[in-house]
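To start, the structure itself, in structure tokens.
Just so we're on the same page: letters track the sequence lines, and every chain starts at 1.
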Protein chains: 2
Amino acid sequence: MIKALIIDDHPLFAEGMKSMFKTEDGIEVVAIIQNGHLAPKILEEQIIDVILLDIDMPIIDGIATMELLFSKDCQVPILMLTMHQSMKYIKEALKKGAQGYILKDASKKELVEAVTQTAQRKNYFHPKISEKVFDYFRGKKTTKPEGQNLSEREVEIISCLSNGMNSKAISEELFISEHTVRTHRKNIMHKLRVKTSAELVRLAFERNIIGV
Amino acid sequence: MIKALIIDDHPLFAEGMKSMFKTEDGIEVVAIIQNGHLAPKILEEQIIDVILLDIDMPIIDGIATMELLFSKDCQVPILMLTMHQSMKYIKEALKKGAQGYILKDASKKELVEAVTQTAQRKNYFHPKISEKVFDYFRGKKTTKPEGQNLSEREVEIISCLSNGMNSKAISEELFISEHTVRTHRKNIMHKLRVKTSAELVRLAFERNIIGV
DNA sequence: TTATAAATACCCCAAATGCGGTATCCAAAA
DNA sequence: TTTTGGATACCGCATTTGGGGTATTTATAA
């Protein structure tokens with residue numbers, strides 16, 4: 001029986017997965033945690049064969065959780081779970097050493113397959129993912145319109161803007177030149193293709209870049 | 001036993017929920033479909049006590065699915081499922097006649113409660129949602145606390161601003177002088193005590209002035 | 001009837017923005 | 001090693017904004 005640990009900030013999702021794995025699948029979810037920080041403790045306490053790790057989490061995200069685990073010499077294979085097929089995350093996860101990668105909109109069959117493979121330290125990539133990775137290594141930049149790849153600094157700037165700061169105030173807040181703030185603002189507005197700061201804030205809200 | 005139909009484009013999520021509901025919960029998921037278009041057929045074939053409807057779907061979204069169902073005289077109570085607590089969707093769903101509203105990051109207990117209540121045609125709103133709705137109706141119907149009683153015109157202006165229009169564009173959109181738009185903007189910003197349009201949009205979002 | 005609020009329109013002016021650039025440093029990736 | 005991306009900084013310039021006003025019309029409430 002494969003013993004799995006789920007790290008996901010959506011209890012419903014995690015619980016759903018837990019009750020989905022039946023005995024006949026040979027998979028048992030022995031622990032569910034909402035936060036990567038709690039992982040090392042669990043791994044000390046019990047034997048875990050595979051970690052199902054959600055990549056989009058608020059406090060400490062999937063990538064950071066992996067770093068934390070590896071820094072503690074964790075040897076347990078990791079299957080990344082994600083809603084989005086963002087190449088950015090795929091690259092990060094692979095680089096960090098994820099054993100598998102699957103989308104949350106996969107079927108139950110695919111998921112069981114993924115967990116089983118990963119637990120045996122074989123690589124598993126969801127067809128949609130491997131297709132993307134394949135395209136990527138082919139040199140196709142078709143996976144480019146990622147759109148929402150704002151840097152941390154840029155998000156910080158947007159947040160300040162939404163709080164009523166102008167470029168000068170932001171520059172003082174972040175201890176950088178006002179010129180730099182203006183450059184950031186220009187870059188952001190180009191990336192998100194908006195014409196005004198007001199629209200920028202709306203978009204940021206709608207895409208949960210800020211506010212949530 | 002409550003017979004539920006799940007409409008969700010994430011099979012994993014739907015399957016997870018299905019296997020989560022145990023006999024002792026009194027809920028049985030009798031069908032799962034990925035697409036609202038398939039709903040009428042299911043409803044003809046079997047008795048359904050409650051529909052769990054994901055609001056964020058690609059082909060035909062939750063709101064559109066509700067419209068489709070009601071256009072076919074569907075009497076089955078609907079529990080909306082969503083990842084985000086966007087007032088935009090909440091308003092839409094309530095207006096269309098959803099019986100309940102729950103977030104996907106709810107606990108299993110909350111979900112069972114929600115499904116049970118909804119199936120009995122009682123309203124169910126996740127605490128986070130009811131709080132938001134309460135705030136919304138308070139901000140709209142109770143006597144105004146001095147601050148945010150904006151006129152319809154003013155709301156219209158804010159909406160335009162959040163869509164990236166400048167004063168000139170708004171004046172053309174609303175067939176009024178640019179001077180008038182500027183006067184409105186000044187009045188709005190005084191009323192809401194904000195310093196920039198970006199902050200204005202943030203506040204408008206937070207107070208659910210816009211978001212439709 | 002008389003306030004009051006909303007929508008309309010206009011003035012001035014300093015400050016900020018948006019848009020076009022260029023350029024350096026540095027770390028990470030190829 | 002070279003390239004790339006992010007963060008930093010600067011210049012110029014036309015347009016827009018925000019803040020300070022005033023004022024008329026109209027509809028509604030006191």
Side-chain angles (χ1 to χ4, degrees), chain A residues 63 67 86-97 133 136-141 143-201 203, chain B residues 143-144 146-201 203:
Chain A
I63 302 296
E67 280 170 358
S86 152
M87 198 60 208
K88 179 186 166 194
Y89 282 134
I90 298 173
K91 272 197 294 188
E92 282 294 317
L94 294 185
K95 191 167 52 177
K96 292 278 182 300
V133 173
Y136 182 76
F137 282 111
R138 265 212 215 113
K140 275 191 177 183
K141 295 266 180 165
T143 46
K144 191 175 45 185
E146 294 288 321
Q148 186 145 321
N149 44 357
L150 296 168
S151 71
E152 284 180 32
R153 202 51 151 177
E154 288 169 340
V155 172
E156 212 167 0
I157 303 265
I158 297 176
S159 177
C160 289
L161 280 175
S162 77
N163 282 312
M165 297 185 206
N166 61 18
S167 297
K168 186 162 188 292
I170 298 173
S171 75
E172 283 157 8
E173 171 79 13
L174 303 181
F175 305 105
I176 53 178
S177 146
E178 189 184 330
H179 295 288
T180 307
V181 176
R182 293 166 64 69
T183 304
H184 279 307
R185 291 180 65 166
K186 278 186 286 193
N187 293 338
I188 293 166
M189 296 180 76
H190 275 129
K191 277 189 187 178
L192 299 186
R193 292 187 196 119
V194 292
K195 284 184 290 294
T196 65
S197 295
E199 188 185 8
L200 168 63
V201 170
L203 214 75
Chain B
T143 43
K144 62 268 177 150
E146 177 68 39
Q148 63 272 36
N149 47 343
L150 297 167
S151 69
E152 282 182 36
R153 199 53 149 178
E154 286 169 340
V155 173
E156 212 167 2
I157 302 267
I158 297 175
S159 177
C160 289
L161 280 174
S162 77
N163 282 312
M165 299 186 206
N166 63 16
S167 296
K168 185 158 187 294
I170 297 173
S171 76
E172 282 157 8
E173 172 80 13
L174 304 181
F175 303 107
I176 53 179
S177 145
E178 189 184 331
H179 295 288
T180 307
V181 175
R182 292 167 66 69
T183 304
H184 280 306
R185 290 180 64 165
K186 278 187 283 194
N187 293 338
I188 293 166
M189 296 180 79
H190 276 130
K191 278 188 186 177
L192 300 185
R193 294 190 196 117
V194 293
K195 284 185 290 296
T196 65
S197 296
E199 189 184 8
L200 169 64
V201 171
L203 214 74

Taking all non-hydrogen atoms of both residues into account, name the closest pair between A/L174 and A/E156 and its distance. CD2-OE2, 3.7 Å
Tell me whether the side-chain N/O atoms of [X] come closer than 4.0 Å to OP1 or OP2 in [N].
X	N	result
A/H190	C/dG21	no
B/T196	D/dG18	no
B/S197	D/dT17	no

Take the protein atom [atom1] of [X] and the nucleotide atom [atom2] of [N], then report the distance between them rounded to whole Å.
X	N	atom1	atom2	result
A/K168	C/dA16	NZ	P	7 Å
B/L200	D/dG19	CG	C1'	16 Å
B/R193	D/dG19	CZ	P	14 Å
B/I157	C/dA6	CD1	P	14 Å
B/I170	C/dA9	CD1	P	14 Å
A/R185	D/dG6	CZ	C1'	19 Å
A/I158	C/dT17	CD1	C1'	16 Å
B/K195	D/dG19	NZ	P	9 Å

In B/S/- notation, 5' to 3', how is nucleotides 7-12 of chain D contacted by protein heavy atoms closer than 4.0 Å? SBBB--
For A/V155, is there any backbone N or O sitting under 3.5 Å from a side-chain donor or acceptor partner on A/S159?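 Not at all, since once roles are kept as given, no pair shorter than 3.5 Å links the two residues.
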Would you please test A/M189 and A/K195 for side-chain contact (heavy atoms from CB on, under 4.5 Å) and show each step? CA-CA 7 Å; A/M189 296 180 76; A/K195 284 184 290 294; 5.7 Å; no
Evaluate A/L161 against A/I170 for side-chain contact (heavy atoms from CB on, under 4.5 Å), listing each step before the verdict. CA-CA 8 Å; A/L161 280 175; A/I170 298 173; 3.8 Å; yes
Set out, in order, the CA-CA distance, both residues' side-chain angles and the distance that settles side-chain contact (heavy atoms from CB on, under 4.5 Å) for B/E199 and A/N163, then state yes or no. CA-CA 5 Å; B/E199 189 184 8; A/N163 282 312; 5.8 Å; no
Nearest 0.5 Å, what's the CG-CZ distance between A/N187 and A/R182? 12.5 Å
Applying side chain to side chain donor-acceptor pair (under 3.5 Å) to B/R185 and B/S197, what does each step give before you reach the verdict? CA-CA 9 Å; B/R185 290 180 64 165; B/S197 296; 2.9 Å; yes
